[in-house]
Amino acid sequence: MTMAPALPRGLYLLTRETADTATLLRIVASALDGGAVAVQYRDKSGDSARQLQQAAALVALCSGRGVPLIVNDDVALAAQVGAAGVHLGEHDGSIAAARAQLGAGAIIGVSCYDDPARAARLAVEGANYLAFGSFFDSATKPAARRAQPQLLREARHLGLPLVAIGGITAANCGPLVAAGASLLAVIGGVFDAHDPRAAAAAIAACFSAARDHARDEAINTLRDP
């Protein structure tokens, strides 16, 4: 049986809704250059022709870089363009239905908000990653439920990649990575940046900084048992 690929730790870019496909592709390409390890196409416009065009173009761009393109909410669109998977919110259908349509090799991520019980249930149902948030104020979803970093620490035992989302920037992402976030889902922190590539690189660097810190702590422990 083909299994869904494991997602590496790093920046998970979510796209901003726009009719300007050229700008969308340019910013996503810049973020990939900066180290984004996954991309999610998110468009709530209801313009099916635009969604099909943009999603197909993003699949081509991302697959050429060896990066998975995941479609937000729309299982049928994900199947139509050959996306790597789909992200499901609480009203977007079941993991089983998405798996039946996309196959065993699809990445199926789920929103868990601030709800550890939901996360535990969806882990059993076959989710490939669990997303929590909003951790900070978010212009994309200003009324989103808020989560605390402790939730990430408590969810580690589920054994799945944990995604943190909501107002994340290079300036505030450190505590989330330290708490256990495997991926940082970002929209504005990249799309609003003057230099999207540099912004993506700065967020991706949070993971190398956390790795270096853990290494230094381990060395100090060995020196001073």
For the CZ atom on R197, are there more than 12 heavy atoms of other groups (residues, nucleotides or ligands in this structure) within a distance under 6.0 Å? no

Verify the cluster assignment for F136 and Y113: are they in a single hydrophobic cluster under the rule of side-chain heavy atoms below 4.5 Å apart? no

Quick one, V75 and L88 - any side-chain contact, counting heavy atoms below 4.5 Å? yes

Are any non-hydrogen side-chain atoms of L130 and L158 less than 4.5 angstrom apart? yes

Measure the spacing between CG of L183 and CD1 of I165 and express it to the nearest 0.5 Å. 11.0 Å

Approximate separation, where rounding is to 0.5 Å, of L14 CG and L184 CG: 11.5 Å

Derivation of the side chain to side chain contact (heavy atoms under 4.5 Å, CB included) call for V86 and D74: CA-CA 7 Å; V86 69; D74 195 332; 5.8 Å; no

Got a donor-acceptor contact below 3.5 angstrom from the R9 side chain to the P161 backbone? no

So, do Q40 and V71 sit near enough that their side-chain heavy atoms are less than 4.5 Å apart? no

For A38 and L7, which heavy atoms make the closest approach, and how far apart are they? CB-CD2, 4.3 Å

Looking only at heavy atoms, the pair that brings G189 and A199 closest together is O-CB, 3.4 Å

Point-to-point distance, once rounded to the nearest 0.5 Å, from CG of D43 to CG of N72: 9.5 Å

Would you compute the distance between atom CG of D20 and atom CG of L25 and round it to the nearest 0.5 angstrom? 9.0 Å

Close side-chain approach of L58 and L24, heavy atoms under 4.5 Å: yes

So which atom in A106 and which in R99 form the shortest heavy-atom distance, rounded to 0.1 Å? O-NH1, 2.5 Å

Go through the steps for V39 and T15 under the test side chain to side chain contact (heavy atoms under 4.5 Å, CB included), then give the verdict. CA-CA 7 Å; V39 177; T15 65; 4.1 Å; yes

If I take atom CD from residue E90 and atom OG from residue S111, how far apart are they, to the nearest 0.5 angstrom? 8.0 Å

Looking only at heavy atoms, the pair that brings V59 and A83 closest together is CG2-CA, 4.0 Å

Taking the side chain as every heavy atom from C-beta outward, state whether F207 and L11 have any atom pair closer than 4.5 Å. no

Is it true that V37 and L152 fall in one hydrophobic cluster, defined by side-chain heavy atoms closer than 4.5 Å? yes

Between Y129 and Y12, what is the ring plane arrangement, given parallel below 30°, perpendicular above 60°, and tilted in between? perpendicular

Min side-chain heavy-atom separation L151-P116 under 4.5 Å: yes

Does any non-hydrogen side-chain atom of L52 lie less than 4.5 Å from one of V81? yes

Backbone N or O of R146 within a donor-acceptor pair of the S134 side chain at under 3.5 Å? no

N128 and L160: side chain to side chain contact (heavy atoms under 4.5 Å, CB included), yes or no, with the steps? CA-CA 7 Å; N128 295 111; L160 291 174; 5.9 Å; no

Salt-bridge present (R16, D192; N to O < 4.0 Å): yes

Full working for side chain to side chain contact (heavy atoms under 4.5 Å, CB included) between Y41 and L77: CA-CA 10 Å; Y41 175 58; L77 179 61; 4.2 Å; yes

Drop me the distance from C173's SG to I168's CD1, to the nearest 0.5 angstrom. 7.5 Å

Kindly indicate whether the side chain of I203, heavy atoms from C-beta on, has any atom under 4.5 Å from the side chain of T169. no

Any chance the side chains of S45 and R50 put a donor and an acceptor closer than 3.5 Å? yes

What pair of heavy atoms forms the shortest contact from A31 to V190, and how long is it? CB-CG1, 4.1 Å

Please step through salt bridge (charged side-chain N to carboxylate O under 4.0 Å, His left out) for the pair D115 and R145, ending with a clear verdict. CA-CA 10 Å; D115 188 344; R145 282 170 271 181; 5.7 Å; no

Please identify each residue that fulfils ring pair (Phe, Tyr, Trp, His ring centres under 6.0 Å) with F135, with sequence neighbours left out. none

Mind listing the closest non-hydrogen atom pair of T18 and Q54 along with its distance? O-NE2, 2.8 Å

E125 atom CD, neighbour heavy-atom count above 12 within 6.0 Å: yes

